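This one's a predicted model, so the numbers in the text were calculated from it and none came from an experiment. In what follows, every heavy atom counts, from backbone to side chain, and hydrogens, waters and symmetry copies are set aside. In the text below, chain A, chain B and the rest are named by the order of the sequence lines, each starting its count at 1.
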Amino acid sequence: MGSHFFDGATPKRHDIEPDIGPEGIAFETERGALAWRHEDLIRLWDYRPQEHLAFTHRRHQDSRLIIEEAWAVEAIGRQAPQLLERGRERWRHTGIAAGLSLGVLTLIAGLYFFVPPVTDRLARAMPWSFEAVDRPELDKLALMIGKRCAAEEPNRILRGLVEDLLKTAAFPHPITVDVTSSKMVNALTFAGGRIVLLRGLIDKARSPNELAAVIGHEIGHVVHRDHTERWMRENALSAASVLLFGFDGTNTIGQTVFETGLSLSYSRGSEQDADRYALRLLNRLDLDPAGGAEFFERMRGKGDLSGLLPGYLSTHPDSDGRAVFFREQGTGTKQALSPEDWLILKRICDKTD
Amino acid sequence: MTFESSGAGSIGQAGEKELATHKLSFDTTGAGGLIGLHIVNLIFMALTLLVYRFWALTRIRRAVWPRMRLDGSPLEYTGSGLEIFIGFLKVFVLILLPYLFASNWINSNLIDRELGLNPTFMALSLLLGIGAVFLLSAARFLAYRYRVNRTQWRGIRGSVGGAAYLYGLRVLFYYFLTVISLGILKPWADIRLLQYRIENTKFGGRTLAFDATARGLWLPYVVFLALYLCFLGSFFVPYLTLFGDFLVALFSGNLNGANLELNDEDLKSAAIGTSFGLALVFVLGAGLAYLNYLVVFWKNVVGKIRFGRARFSFQPTRWQIFCLFLGNALIVQLTFWLLLPIAWLRKGKFLAKHLVIVGDLDENELVQAEFDTGTTGEGFLGDFDLA
């Protein structure tokens, strides 16, 4: 074994005796003499065994010069120490990782701070028909949320309450509010302005203003075009996720945390906006906000897991904060319905479709 | 004077004795450094939410490739993380993003408020699935091409011709045939796809030749398929007992009085006892049968690869391969992937020990191929032949 050379044209090995001088390395092969200047040498750092030195030439990068003898390695170290010392090359990957981390942080900050306002504007600029086409029929939802509650008089009272709120909202597209027979305490907003209150919510509500606050909140989702906005945000998140984590069909833990974390943050933002909207409606109608506040106080720790999970793992803002917001910012004094109408409304599910 | 017999066999034997055997060796020293590199890569990947993976992969390849030596000279990997990253960015913008948006649009319209499942969007969704198979297959071909293009030995480069989109179309065609044959044609499909890759692979100016057929693969594959079907069938065992009751009632002429309904308790105990036990046995059996199929497959195909006058041979025993798989699985799982480099070293050593290259490599005739290596990464759009 000894120093050798490959010319890059064939794999034939040329054994050589290197002559190492201050200007470079000279050697002879069967094809003639070659002299490589130190500054033209590119060290191949990954060559093994590592006590041998492997070089290629800046202008002939398929050729290989392998130096094996210890004396020759020492001589190169004396003549051109930069070829033995990796120096800054050693820290190159730390720099790459630092740069990429910075890029990733910038991307996350962009997604966190810029995507919500941009998608908010874009969603509002989208034609209503884009969303209206997805508006579901109630009978298609019956399996999930029960049948429509159809008692006539309570529905008339509900329509009156909704009309008052909608007049104040002055939203140019149709919004419908129905009650279905599910016992869950919840309200849902579907695409195309369909709002569904579940029976459990009506049963548990203690005042008409609680109901008015919830309806106002759901109207807020419709007016803010949250359905379209959520679709846009999901697209943006998916794109960012593929950019960061690749596209191989498997979800890593990091990917799940990334997507869920940002998605929950977006959701909390939308809920806060809907709360603000609901309060504006209540204030304009001079309705007492205590109902809304009591609703959130009662919701605390019930079903929304807010007592168990930290805030950043929740789809909704903290219930205490929402209650305080309603109490502090509300200015109204009236009730949304008379006590008699409220009692009648509570019987809305006596009859279903 | 004694003459050798002039039969072809004697000439063949004498000829084979003279064939040069090229020695592969794998350097397993310095495992600590490799583990350190792996851990640093993991940390960097965690800090960059996996974006560093392109550079991590490159560093590992650059560290592992040169450990394999052929006739005393190491392999080299000359790819770079930046190349692969830029290739990925191009594919991301021009293919993945449009695909993602189309996919979201189709999925969000799959349910029609009047029709239930919308047939147009169902068809589009099916096309989307086929598109995903096509893209992933083409991407796999590109990754293979990139790895070979960036591998050198004694300064000589590898290269892969062909087109990624043709490979993707072939995958669709062969696996379509496999599906309609209920899986039976898979060995044939596997061979044909590998043939496309190998016959388009060059080292220097010389192309690899491949003359494998699926002969010898059918039996191991059918055994796997049978065990797999038994595994699926084991979930229906409770209903087989019902069928047994039906037969008894039929032959005893008491069909009307027979109880031919499974009650909950029967179903539960049969499902938990019989089904689960059988499923476990069959799934383990199917796993081992598939491993056996892979062993036979690779021994078969490696033996059919030619490089000029040199041929390859890969003849480890099943037990040796099983020990390699099991050992590596235990090392990786028990150390939470921290000692993954040990598994790489074991694999490399195994390959060097059992892969034999016999015959003349014709070093004087093997010349560098004249082609532009370019700057294409593992996902460069040009490789799709679309750019």
Side-chain angles (χ1 to χ4, degrees), chain A residues 1 4-13 44-50 52 54 56 60-64 66 92-94 96-105 107-108 133-137 140 191-192 231 234-235 238-249 252 254-255 257-258, chain B residues 27 29-30 40-41 43-53 55-56 59 62-63 65-67 69 71-74 76-78 81-82 88-89 91-92 96-97 99-101 103-105 108-109 111 113-114 116 132 135-136 139 152-157 204 361 363-368:
Chain A
M1 298 300 285
H4 51 278
F5 172 72
F6 300 108
D7 61 10
T10 75
K12 185 174 164 47
R13 174 184 166 127
L44 304 172
W45 293 102
D46 302 303
Y47 189 85
R48 289 180 77 87
Q50 288 179 332
H52 297 167
T56 185
H60 313 286
Q61 294 200 10
D62 287 329
S63 54
R64 297 287 182 271
I66 314 296
R92 197 167 69 86
H93 279 272
T94 310
I96 291 170
L100 289 175
S101 303
L102 206 62
V104 168
L105 283 176
L107 179 70
I108 292 175
V133 77
D134 287 338
R135 180 188 159 100
E137 294 302 325
K140 303 278 179 200
W231 179 79
E234 276 169 9
N235 271 308
S238 307
S241 179
V242 170
L243 177 63
L244 292 175
F245 298 95
F247 180 73
D248 63 356
T252 59
Q255 189 169 2
V257 169
F258 169 79
Chain B
D27 181 2
T29 60
V40 168
N41 277 343
I43 293 169
F44 284 175
M45 284 201 288
L47 289 175
T48 59
L49 292 187
L50 292 191
V51 180
Y52 185 75
R53 64 186 179 278
W55 285 267
R59 291 180 87 183
R62 281 176 176 258
W65 256 236
R67 289 169 179 270
R69 299 175 82 88
D71 289 345
S73 296
E76 279 177 54
Y77 181 73
T78 59
L82 188 63
F88 171 75
L89 285 183
V91 168
F92 173 75
L96 291 182
L97 267 190
Y99 181 88
L100 200 71
F101 293 146
S103 158
N104 284 354
W105 175 66
S108 62
N109 285 289
I111 307 286
R113 59 178 172 165
E114 299 294 333
L135 284 179
L136 288 172
Q152 286 185 294
W153 178 71
R154 295 185 171 182
I156 304 295
R157 297 183 297 263
L361 284 174
E363 292 180 7
N364 291 326
E365 290 172 29
L366 179 61
V367 291
Q368 187 76 279

Original post:
With only heavy atoms counted, which part of A/Ala239 is less than 4.5 Å from chain B, the side chain, the backbone, both or neither?
Top reply: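 Backbone plus side chain of A/Ala239, per the 4.5 Å heavy-atom cut-off to chain B.
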Original post:
Is a salt bridge present between B/Arg69 and B/Asp27, judged by a nitrogen-to-oxygen distance below 4.0 Å?
Top reply: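 Looking at B/Arg69 and B/Asp27, the cut-off is not met.
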Subject >> Options B/Leu96, B/Leu49, B/Val367, B/Ile43, ranked by heavy-atom pairs under 4.5 Å with chain A, top entry >> reply: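 So the answer, after comparing B/Leu96, B/Leu49, B/Val367, B/Ile43, is B/Leu49.
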Looking at [options], which one has more heavy-atom pairs under 4.5 Å with chain B than the rest?
options	answer
A/Leu243, A/Leu105, A/Val104, A/Val242	A/Leu243
A/Pro49, A/Ala54, A/Ser101	A/Ser101
A/Ile66, A/Asp62, A/Asp7	A/Asp62

Original post:
Heavy-atom distance under 4.5 Å between the side chains of A/Arg64 and A/Leu44, does that happen here?
Top reply: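 Side chain of A/Arg64 against side chain of A/Leu44, heavy atoms only: contact under 4.5 Å found.
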Under 4.5 Å from any heavy atom of chain A - which part of [X]:
X	value
B/Ser103	neither
B/Leu47	both
B/Leu97	side chain
B/Leu89	side chain
B/Tyr52	both

Original post:
What distance separates B/Leu100 CG from B/Phe92 CZ, expressed to the nearest 0.5 Å?
Top reply: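 Result: 7.5 Å between the selected atoms.
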Original post:
Quick one: does NZ or CZ of B/Arg53 land under 6.0 Å from the six-membered ring centre of B/Phe88, within 45 degrees of the ring axis?
Top reply: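 Ring-cation test returns yes.
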Original post:
Does A/Ser63 offer a backbone N or O that forms a donor-acceptor pair with the side chain of A/Thr56 under 3.5 Å?
Top reply: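 A pair under 3.5 Å: yes.
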Original post:
Do the side chain of B/Gln368 and the main chain of B/Arg157 share a donor and acceptor less than 3.5 angstrom apart?
Top reply: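 The answer is yes, because a donor-acceptor pair under 3.5 Å joins these two groups.
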Original post:
Minimum heavy-atom separation for B/Phe44 to B/Arg59, with atom names?
Top reply: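 The answer is CE1-NH1, 4.3 Å.
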